[in-house]
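Labels below follow one simple rule: chain letters A, B, ... track the order of the sequence lines, proteins then strands, and each chain is numbered from 1. Below, each value reflects all heavy atoms present in this structure, side chains not excepted, and no hydrogens, waters or symmetry copies.
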Amino acid sequence: MLVLKLLSLEPMHGWGLSYRLRQISHDVFDVNQGSLYPALQRMLRRGLIKSEWRVSDNNRRARYYSITAQGKRQLNEEVTDWERAAGAINRVLRFSNG
Amino acid sequence: MSWHTEIRSRLLHLLLRRKVDRDLAEELKYHIELETEHNMSKGLPEREARRRAQRDFGSVPRYTDDARDERGASSIDSWLKDTSFAVRSLMRQAGFTTLVLLTLAFGIGATTTLFAVTKGVLLEPLPYGRTETLAQIWSSWTGFPQTWLSYDEYEAWKTEIPAIEDIAIFYNSSANLTEGDEPERLRTASVVAHTFKTLGIAPLLGREFTEDEDRPGGGNVAILSHDLWQRRFSGDASLIGQTIQLNGIATTVVGVMPPGFRMPLDFAANGTTQVYFPMATTPENEGAIPGPEMQQNGGSHGFYGIVRLAQGVTVEMANAQLDNFVAGLKREGVYNPARNFRAFVIGMESQVTGGVRNAILILFGATTVVLLIACANVAGLLLVRGERRRRELAIRIALGAQGTRLARLLFVESGLLALSGAVLGATFAFMGVAAVRRSAPATFPRMAEVTIEPVVLLFSLAVAMLAAMLTGLLPALQATRVAPGDELKEGSRGATSGAGRLRWRQTLVSAEVALAVLLVVGAGLMVRSVGNLLAIDPGFRPDGVLAMRISTPSAWYPDSTRVVAFWNGLQRDVAAIPEVKSVGAVLLLPLATEMGDWGLAVEGYTPPPHTGTPADWQVVTPGYFETMGLRLVSGRFLDERDDMEGALSMVVNRKFVELYVKDREPLGTRVRIGGNSPDSLRYAIVGVVDDVRHNALTREVKAQFYASLAQFAKAPGNTRRTMSLVVRTDGDPMALVAPVRAAVRRADARLPVSEVRALEEVVKSSIAAPRFAMEMLGVFGGIALVLAAIGVFGVVSQVVALRQHEFGIRAALGASPSQLVGLSVKTGFRQVIAGLVVGIAAALVATRLLGALLHGVKPTDPLTFGIVVFVTGAVALLASVAPARRAAKAHPNVVLRTD
């Protein structure tokens with residue numbers, strides 16, 4: 001979900017994605033960076049993202065990933081689901097605190 | 001996810017695997033470089049930056065693999081990988097692979113062969129329309145269980161039996177075709193005009209006979225078989241309407257039958273009908289009363305009958321109606337009740353294949369048994385192999401291989417084996433079908449039609465897949481259950497475990513031994529039975545005798561004087577050939593053609609009421625008795641004295657004397673042929689010979705008399721136009737074929753010679769059915785025995801391997817090598833004993849199916865069973881001794897150090 005969200009803002013390459021994930025989450029998601037790639041391949045296969053080779057900012061060849069229309073739909077669904085679940089959890093927490 | 005992106009991804013991956021892998025590697029490398037640069041930008045030295053980048057990334061190969069799997073590589077790619085791995089590992093163990101392949105190929109080959117036979121003989125539809133309502137109709141009398149019907153019966157059944165919608169009659173004969181260079185003797189059928197309509201089939205070319213042609217003087221017309229048309233007239237369609245020379249008569253061809261068409265009785269006959277004539281007869285011609293009226297006892301019986309049953313009528317219903325109607329005829333006194341007349345129909349399928357249905361099903365059962373044994377063996381061999389690989393598999397699982405993946409690998413292996421087995425098996429099946437067709441008796445219905453068709457090959461493939469499932473399942477199931485810890489522990493301890501897995505193998509081996517016993521008992525019984533048949537004294541000496549059929553058609557030999565002159569001349573000419581010891585001729589060759597009987601009146605003998613004095617009749621020329629080696633009991637053989645002018649003389653057999661001339665001097669007794677009618681001829685008995693088993697080696701001998709051709713022909717209509725020449729030599733009878741044929745050509749070049757055979761062949765082919773069953777069961781029994789031996793060998797090998805450590809300890813404690821051998825043989829022998837017991841129990845039940853094929857031996861013959869138990873036990877013992885000796889050789893130290 002997070003990867004899709006990031007890609008919905010702009011196309012990115014693998015390291016960029018991993019860097020942004022660490023940045024945004026303040027290193028909460030401290031997993032091996034390599035595990036990102038199988039996930040990307042899975043999303044590619046399911047048609048949620050697409051990839052193309054481009055020249056990067058520092059003038060090197062890099063594979064950029066971008067979100068597809070199907071990926072956007074998936075993201076919307078997941079975000080809705082997440083918000084519903086998170087809202088419910090929050091309500092429960094608030095209720096038990098009060 | 002959408003299926004097309006999924007598939008495209010997988011296919012792309014497969015096609016562009018190199019490129020994708022390269023891309024992925026580049027991508028990961030780029031990631032680490034960027035991370036390194038990022039770390040350096042935070043002030044770390046380059047080496048530390050790179051180390052940290054690599055640490056944070058994790059294992060590059062692992063994520064490469066995972067990413068590749070996510071991309072969809074796994075299924076297709078790893079199947080391919082498994083296959084190539086399986087091929088390599090199978091190639092490494094060439095001995096094992098060869099053993100498994102041959103085992104499977106034998107099983108699949110045998111099953112496919114017998115399936116081809118079953119399909120060709122039992123499952124292929126007969127060449128008629130609506131076969132299910134077709135039947136053959138027969139008469140039966142005391143002593144004649146299945147015989148001809150009469151013209152009066154033909155007319156009566158047609159009109160009086162509602163179950164019979166239509167009935168057609170025919171009789172078989174033969175004709176000489178004298179077109180082109182080579183005269184040929186052909187089997188013919190004279191049929192009523194609507195015969196083909198009744199059979200539900202139309203000629204391929206031309207037309208059926210018309211009612212006008214089916215009358216006396218209706219014209220000389222014929223319909224040819226497809227085979228004859230192709231063979232002699234090169235399939236020329238313009239033959240229709242032209243004339244050909246048949247029996248020296250110009251005959252117009254009006255039609256050609258479709259390929260594969262045969263008359264119902266041709267399937268079990270030595271040759272098929274090649275020419276059809278209209279019967280062209282009338283009730284008056286046949287001495288019958290027109291219409292449903294009947295003569296006493298139905299009149300003279302000489303026709304075969306084909307019946308089309310009415311809609312919705314079963315064979316049983318038709319038979320009930322016939323029984324009912326015949327009972328009425330007996331009450332009215334039309335039929336003499338003492339002769340037990342019956343008329344009955346047999347459904348066409350049973351008529352054609354009923355005689356061999358059981359034999360085929362038995363053999364099909366036998367091959368299925370062989371296939372089961374083969375599968376059990378292959379499963380066993382794979383298990384043994386699996387056993388050796390358990391530690392390899394356990395290590396793999398410990399290193400992270402998935403259980404399902406390993407199971408799949410094993411499954412791929414057995415699938416590969418089964419497929420290669422199928423290919424090899426199909427090759428065996430082609431050879432098998434050729435061999436079966438060669439060795440099957442000529443009277444085996446439809447054997448000539450048996451071929452390997454696509455359906456049959458598909459069957460073989462299906463069998464192979466089944467075999468793969470069966471043989472792959474066990475090892476695969478075991479592999480998935482491997483728990484790495486247990487296995488490695490068990491292996492390292494090397495204790496006497498693995499017993500649970502062994503039990504499977506042992507059960508399989510017991511089953512194999514039981515099945516082998518079943519087949520070998522069957523084969524043994526057949527061997528004994530055929531031995532008994534061959535030991536029967538036929539009453540003549542077949543060795544060194546050559547036989548051939550020659551016909552003298554009435555167009556060229558209008559009266560009996562000329563026929564007799566021809567035979568006298570030919571015999572003189574043949575006798576002049578230096579190697580020829582003696583020569584004669586006979587109307588009906590023993591064990592080749594069945595003989596009918598003739599009513600006699602024997603001087604001084606009064607038959608009991610309603611029985612008459614029937615005797616089988618045989619017509620011979622002087623020299624026949626000597627040539628055939630018949631034994632003279634008293635008096636003399638027929639010779640040159642018994643010519644057309646001489647006093648009428650006959651020779652009778654021993655049975656004749658026992659029945660009709662008991663307690664009197666047979667020589668000189670007067671006998672009238674044709675009963676007491678005024679125009680019958682009076683013969684005097686001049687000699688008595690020993691009984692000849694004419695109709696079959698196993699059938700009871702009937703009273704029989706021999707008359708000379710010259711004298712028999714004196715009665716009007718008694719000229720015999722087809723005789724068999726018999727020639728005796730001291731050497732190989734087949735060496736005489738050319739000189740004797742030359743003599744026939746010198747006598748009359750127009751006459752065709754047919755059925756040229758050594759008399760020993762005639763005798764052998766008369767017991768062709770039991771010999772065929774013996775050969776087939778012998779082959780299958782042998783295969784089963786070998787396979788079972790392989791099974792025993794395998795299981796004992798496994799036991800020895802599993803218990804090596806135990807044996808080592810025993811050896812260390814002082815067990816002698818022979819004790820160790822005994823110990824391992826004993827483990828295998830328990831299964832063998834179990835298999836023997838079960839096999840014998842099964843055989844006691846199953847051999848009853850052989851009943852009709854056995855002669856002079858009971859299905860439960862103790863001698864056969866004893867020998868089989870001994871042989872199977874000995875083979876199993878031998879098979880277990882070889883691996884057991886390995887156990888004895890094991891030195892305690894070596895064994896204890898194995899791990």
message: Just to verify, what does B:Arg47 make a side-chain contact (heavy atoms from CB on, under 4.5 Å) with, not counting sequence neighbours?
response: none

- prompt: Heavy-atom count around A:Trp53 CH2 within 6.0 Å, excluding the residue itself: above 12?
  reply: yes

message: To check you understand the geometry: which heavy-atom pair defines the closest contact between A:Gln41 and B:Leu24, and what is its length?
response: NE2-CD1, 3.6 Å

query: Under 4.5 Å, heavy atom to heavy atom, which residues of residues 5-16 of chain A contact chain B?
result: A:His13, A:Gly14, A:Trp15

message: Please verify the inter-ring angle class for A:Tyr37 with B:His31; under 30° counts as parallel, over 60° as perpendicular, anything in between as tilted.
response: perpendicular

task: Starting at CD of B:Glu27, measure out to OG of A:Ser51 and round the result to the nearest 0.5 Å.
output: 7.5 Å

message: Applying side-chain contact (heavy atoms from CB on, under 4.5 Å), can you list everything that pairs with B:Ala53, at least two apart in sequence or on another chain?
response: B:Ile32, B:Glu35, B:Thr36, B:Asn39

field: Selection from B:Glu26, B:Glu37, B:Glu33 maximising heavy-atom pairs under 4.5 Å formed with chain A
entry: B:Glu26

- prompt: Who pairs with B:Leu101 by side-chain contact (heavy atoms from CB on, under 4.5 Å), at least two apart in sequence or on another chain?
  reply: B:Thr97, B:Leu417, B:Ser420

